[in-house]
Amino acid sequence: MFRTYFGKAEPVFLLKDLLKLADELGLDRDQTRQALDQRRYRQQVQDDARRAQRLGANGAPFIVIDGRYAVPGAQDSDTLFDLLRTAWADTHPTAPVACDAPVCGPDGCAVPEHA
């Protein structure tokens, strides 16, 4: 939807627009129509919107990463990549390893010195 609306400047607000997009994505047209008619995912969308608002969303685009990090507006790839690295580092901390095994890096391997 993002690419269709912002990238190709095509509408995504009417049922016919969404069904056209579903066709382009290879989704089942009848199942898509049924999900939209029944508002099958309405609660999930509302929950997502509330979470985004708590993180400061007041417009689109607004990207939420790991439910904790927010990126308002269109951003360049470096900004998004930095945020992804931060989110990863926060959820995957590294622990120092104490041993006599060689430590290898871009300049080769070295055995740690002990004090």
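Keep in mind it's a predicted model, so treat the numbers as computed, not measured.
- One hydrophobic cluster holds both Met1 and Leu25 under the rule that ILVMFWY side chains link at heavy-atom gaps under 4.5 Å.
- Using a 4.5 Å cut-off between side-chain heavy atoms of Ile, Leu, Val, Met, Phe, Trp and Tyr, with links allowed through other members, Ile63 and Phe6 fall into different hydrophobic clusters.
- Of all non-hydrogen atoms in Ala74 and Pro61, the two that sit nearest each other are N-CG, 3.7 Å.
- Tracing side-chain contacts under 4.5 Å through hydrophobic residues (I, L, V, M, F, W, Y), one never reaches Ile65 starting from Trp88; they form parts of separate clusters.
- A donor-acceptor pair shorter than 3.5 Å can be found between the side chains of Gln43 and Asp47.
- More than 12 non-hydrogen atoms from other residues, nucleotides or ligands lie less than 6.0 angstrom from OH of Tyr69.
- Tyr41 and Phe2 fall into different hydrophobic clusters, where Ile, Leu, Val, Met, Phe, Trp and Tyr side chains are chained together by heavy-atom contacts under 4.5 Å.
- Atoms CG and CG, from Leu27 and Leu18 in turn, are 11.0 Å apart once rounded to the nearest 0.5 Å.
- Once rounded to the nearest 0.5 Å, the distance linking CG of Leu19 with CZ of Arg29 reads 4.5 Å.
- A salt bridge links Lys8 and Glu24; the closest N-O separation between the charged side-chain nitrogens and carboxylate oxygens is under 4.0 Å.
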Under 3.5 Å donor-acceptor pairs involving side-chain atoms of residues 76-83, not counting sequence neighbours:
residue : atom : partner : partner atom : Å
Asp76   : OD1  : Asp78   : N            : 3.0
Asp76   : OD1  : Thr79   : N            : 2.9
Asp76   : OD1  : Thr79   : OG1          : 3.2
Asp76   : OD2  : Thr79   : OG1          : 3.2
Asp82   : OD1  : Arg85   : NH2          : 2.5

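- Looking at Lys20 and Asp17, no side-chain N of the basic residue comes within less than 4.0 Å of a carboxylate O on the acidic one, giving no salt bridge.
- Residue Phe62 shares its hydrophobic cluster (ILVMFWY side chains chained together at separations under 4.5 Å) with Leu55, Val64.
- Note on Phe13: it clusters hydrophobically with Leu15, by side-chain heavy-atom contacts below 4.5 Å among ILVMFWY residues.
- Summarising the geometry of Arg42 relative to Arg39, their closest heavy-atom pair is NH1-NH1, 2.7 Å, with the distance given to 0.1 Å.
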